[in-house]
Trainee: 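Starting off with a structure, shown below.
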Amino acid sequence: MTENQLWKNRRYCAELTEKDYNQTVHCCGWIDTIRDHGQLLFMHLRDKSGVVQLVFDPEKDKDLHAQAEQLRNEYCVSISGTIVERVGEAKNDALPTGHLEIHVQSLSVYSSSKTPPFVLTEKSQVDDDSSEFKVDEDLRLKYRYLDLRRTSMQEKMIARYKIMKVIRDYLDEQGFIDVETPVLTKSTPEGARDYLVPSRHHDNTFYALPQSPQMFKQLLMVSGFDKYYQIVKCFRDEDLRPNRQPEFTQLDLEASFIDEAYIYNLLEPLVKKVFAVVGKEISAPFPHITYHDAMELYGNDHPDLRFDMKMVDVSEKLRNVNYKIFNSILASGGSIKGINVKGKASEMSKNMLQEELAKKVVPSFGGKGMSWMKMENGALNSNVVQFFSEDEQKALIESFNAEDGDVLLFIADSNKAVVNDVCGRLRLYVAEKWGFIDKNKIAPCWVTDFPMFELKDGRLSSMHHPFTQPDHAFSSASSTDDYLAVNSRAYDLVINGEEVGGGSIRIHDSEIQTKIFSVLGLSKTDIQEKFGFFVNALQFGTPPHGGLALGMDRLVAMATDSDSIREVIAFPKNRVAFCPLTQAPSHVSDEQLTELKLACIKEEVSITD
RNA sequence: GGGGGCGUAGUUCAGCUGGUUAGAAUGCUUGCCUGUCACGCAGGAGGUCGAGGGUUCGAGUCCCUUCGUCCCCGCCA
C-alpha cells in the first residue's frame, strides 16, 4: 500500500474494538510509554482519541523489534499491525482498549523527539485520577504545544469546542444570526482601560480593541437584524486576577422587541445544554434573587447557592444588649449579622474560633472581630454568653433555628456594608473549609434589580453600563440621592458564586440616553465626541431591545472542573499578561515606532526625595 | 497601586538555630529481564541553590538590592 492509502485507512487508537479482532489496521500517533522486557516490548501509542497497546515480539520479527527498541517517548510514528484479543491476566480493565493490543508488523518514524521538559503521559492517572498535573505553569505555557498534547488538555479543548457548537446550533434554531463586529474600533472613556492600537495612516490617533461589542450590537438592532449573537474576543487592559485574561471570549447576544423574561427563557435551556455536553444536569427555572436580597443574605451580588447558610440580621433582637461591643456598634448606627454553622460544634474548638477565625481570618476580610456561640444541651454557650439576657438568647436561638451542635458566628460593625461584606466572606470561608459545598452541584441564579448608579469617588457612575434602561423612578429623579435610588433593568447570571454573565434591557430613546450621559457628568461636547454616532443612531427608529454576554472561558472552566480559565484557553497569557511561548509583549524596532510617529518614554531614574 | 508566599537536578520537592563532598522521588541514560500496563532489577550522568552586593573564619540558609512567578485586596461600566 502507498502511504496515501494508509492515511486514508487510518484508525484512531482508542476507537478500536472487539469488532476489529484479527483485522490489520493502521494507526498514527505518539509514543506514550515504553515497557521493555528485553524480549517482548510493549508500548502505548497515543493520538487524540486515547491510547492503545503495541506489542513487538523479536521471535516474530527480529529486525522490527530492534527498530522498535530505538523508539523513545513522544516520537511521532505510524504502525501497521494485527488487532489481537488479550487473554486472561493480560487484559487491562483500566484502559478502554485494555482488552486488545496491536501486534505490529511495520513501523515508520515520522520524527523523533527531544526529551520533553515535562512528562506528557497520563498513565499514572489510570490509578489515581485525582492527581493533578504538578508542573510550573510558566513552563507549561512556554511549551504549550506539548502541554496541549496531554490527554486531559485535549479533552478540555474538545469539550470547549463542543460547548461552542451546542450554543451555535441552539441560537441558530432560535433565529439568531452571527454578525462580526470590528476588532479595531473607537476608544470609549467609560469602563475598563482600553488596549490601544496606533494608526499609521492618521497621525497621533489610536484605535481601541473592544472591551465588548456593546454599541455595535445595539446598532445591529437599530438596523433591524432582530436577533444577533457572536462568540467574540474582548479585551480589557485591567490588572490581572487568577480568573482573568487580557483577552477573553464572550458569547454576546442581543434581541429586539423582547423583555427580561425572553432572556431568561432563552438562556436557561442554553446553560442546561452547555452542562449537558459534559454530562451534568441543572434544574430550571433558575431562581431569581434581587441585588438587595443577595447583599443582605449572602453579602455579595454573586451568591453561591450550592449551600444555604443565609446571613441573619439580629440587630433588632439585640437592641438593648449588655455586651459592650455590640451595644456601642448598634448605638452608632451599625448592625450585627450572623451565620449558623450547622452541626460543627465538635469540630470548631474554642481555641480555633478565637485564635484562628476571630483574630486572623476575619481581620483578613476587613472585619474588626468575631463573636461566637455554640448550641449545647439546648442552650447557648460561649465566652460572652453571660452578657446576653435570657430573652435575647432565646431570640437568637429562634432567629438561627439553632439546634444542639450548631455554631453561631457573629460579625458586627458600625458600617453596615462592612458587616455584609465580612459576614459574606466568612460564610464562604467556613463553607469551603468545613465541607458545606457540594462540588458536584451546579447552582445557577439570576440576580436582578440592580441599582442604576453607584457613587465612585463622590461621583455618580453606572453600575452596569450607561446603555442600561433605568426603571420609572428615573424620569422624576433630580438629586444624587434620587438617582442612587433608581434601579436598572439589568440582570446577572450567577453560577456557583461566580458571575458568568450579565446584560440588560437597553435604552431605545435617545433623550433618556442623553440624560444618562449627563447624569454621569459628561458634557454635551463629551457626549458628541465619544458617543455622538451612537446617540444619533438612536434617533432613527430604535426598537426596544436587550441582551446579554456570557463569559465563555469561565463557563467552560466550570463545566470541565478546571481551577483556572487558563486551563481551557489553548494559548493563554500568564498572570502578568505575558506569553512565555511567544515572549509577547515585546519591544519593536525604532523604524516601526517612527512610522507610527511614536516614541517610547524611557524609564527615568528618580533622585528626588 | 497596597500586602503576602515562592525561586535548590530536566521535573516535583526536602534541606533544622549558618558548619565537611547539597539530598529524595521521578525523568534521562547504560546493562539485564518474554505478558507488562506507573513493569521490575542493577549501575551512571545530571546543580553558577534566580541574579548582584553585603555580614561572617564559613551563606542554599542571615541582611540589602534586583529579576521572575503565584496568591489576597484595590481595579475589572
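Note on naming: letters A, B, ... go to the chains in the order of the sequence lines (proteins, then strands), and numbering restarts at 1 for each one.
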Trainee: As a test of reading the structure: which of B:G27, B:G35, B:C76 is closest to the side chain of A:Arg236, going by heavy atoms?
Mentor: B:C76
Trainee: Can you list the residues that meet the ring-ring contact (aromatic ring centres under 6.0 Å, His included) rule with A:His103, with sequence neighbours excluded?
Mentor: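 With sequence neighbours excluded, A:His103 shows a ring-ring contact (aromatic ring centres under 6.0 Å, His included) to no residue whatsoever.
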Trainee: Under 3.5 Å, which N/O atoms of the protein pair with N/O atoms of nucleotides 11-14 of chain B?
Mentor:
from: B:U12; atom 1: OP1; to: A:Asp136; atom 2: N; distance (Å): 2.5

Trainee: Would you mind classifying the nucleic acid contact of A:Gln245 as base, sugar-phosphate or nothing, using non-hydrogen atoms under 4.0 angstrom?
Mentor: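 Nothing, no heavy atom under 4.0 Å.
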Trainee: Mind checking side-chain hydrogen bond (donor to acceptor under 3.5 Å, both in side chains) for A:Lys573 and listing every partner two or more places apart, or none if nothing turns up?
Mentor: A:Glu247
Trainee: ring-ring contact (aromatic ring centres under 6.0 Å, His included) with A:Tyr491: which residues, sequence neighbours excluded?
Mentor: A:Tyr264
Trainee: For nucleotides 28-30 of chain B, tabulate all protein N/O to nucleotide N/O atom pairs closer than 3.5 Å, reporting atom names and distance.
Mentor:
from: B:C28; atom 1: OP1; to: A:Asn73; atom 2: ND2; distance (Å): 3.1
from: B:U29; atom 1: OP1; to: A:Arg72; atom 2: NE; distance (Å): 3.0

Trainee: Heavy-atom contacts under 4.0 Å between residues 418-431 of chain A and RNA chain B, which residues?
Mentor: A:Arg425
Trainee: Under a 4.0 Å heavy-atom cut-off, which of residues 492-508 of chain A touch RNA chain B?
Mentor: none
Trainee: Both A:Arg554 and A:Arg566 contact RNA chain B. Taking the nearest nucleotide for each, which residue is further toward the 5' end?
Mentor: A:Arg566
Trainee: Applying ring-ring contact (aromatic ring centres under 6.0 Å, His included), can you list everything that pairs with A:Tyr483, at least two apart in sequence or on another chain?
Mentor: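 A:Tyr483: ring-ring contact (aromatic ring centres under 6.0 Å, His included) contacts with A:Phe453, A:Phe474.
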Trainee: Restricting to side-chain hydrogen bond (donor to acceptor under 3.5 Å, both in side chains), what partner residues turn up for A:Glu355, sequence neighbours left out?
Mentor: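 For A:Glu355 the side-chain hydrogen bond (donor to acceptor under 3.5 Å, both in side chains) partners, ignoring immediate neighbours, are A:Lys359.
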Trainee: Please list all pairs meeting salt bridge (charged side-chain N to carboxylate O under 4.0 Å, His left out) that have one or both residues in residues 500-513 of chain A, counting only residues at least two apart or in different chains.
Mentor: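 For residues 500-513 of chain A: A:Glu254-A:Arg506.
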Trainee: Applying side chain to side chain contact (heavy atoms under 4.5 Å, CB included), run through A:Leu16 and A:Cys27 and close with a yes or a no.
Mentor: CA-CA 10 Å; A:Leu16 298 168; A:Cys27 292; 4.2 Å; yes
Trainee: Distance-only criterion, 3.5 Å: show the donor-acceptor pairs between side-chain atoms of residues 65-73 of chain A and protein atoms not counting sequence neighbours.
Mentor:
from: A:His65; atom 1: NE2; to: A:Gln39; atom 2: O; distance (Å): 2.5
from: A:Gln67; atom 1: NE2; to: A:Leu107; atom 2: O; distance (Å): 3.3
from: A:Arg72; atom 1: NH1; to: A:Glu69; atom 2: O; distance (Å): 3.1

Trainee: Ignoring the backbone of A:Glu101, work out which of B:U36, B:C71, B:C75 is nearest its side chain.
Mentor: B:U36
Trainee: Evaluate whether the aromatic ring of A:His37 and the six-membered ring of the B:U36 base sit under 5.5 Å apart, centre to centre, with an inclination under 30°.
Mentor: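 It does not: the two rings, one from A:His37 and one from B:U36, miss the stacking criterion.
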Trainee: Identify, with sequence neighbours excluded, every residue that meets ring-ring contact (aromatic ring centres under 6.0 Å, His included) alongside A:Tyr195.
Mentor: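 For A:Tyr195 there are no ring-ring contact (aromatic ring centres under 6.0 Å, His included) partners, ignoring immediate neighbours.
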Trainee: Could you check whether any side-chain N or O of A:Gln250 sits under 3.5 Å from a backbone N or O of A:Met552, counting only pairs where one atom can act as donor and the other as acceptor?
Mentor: no
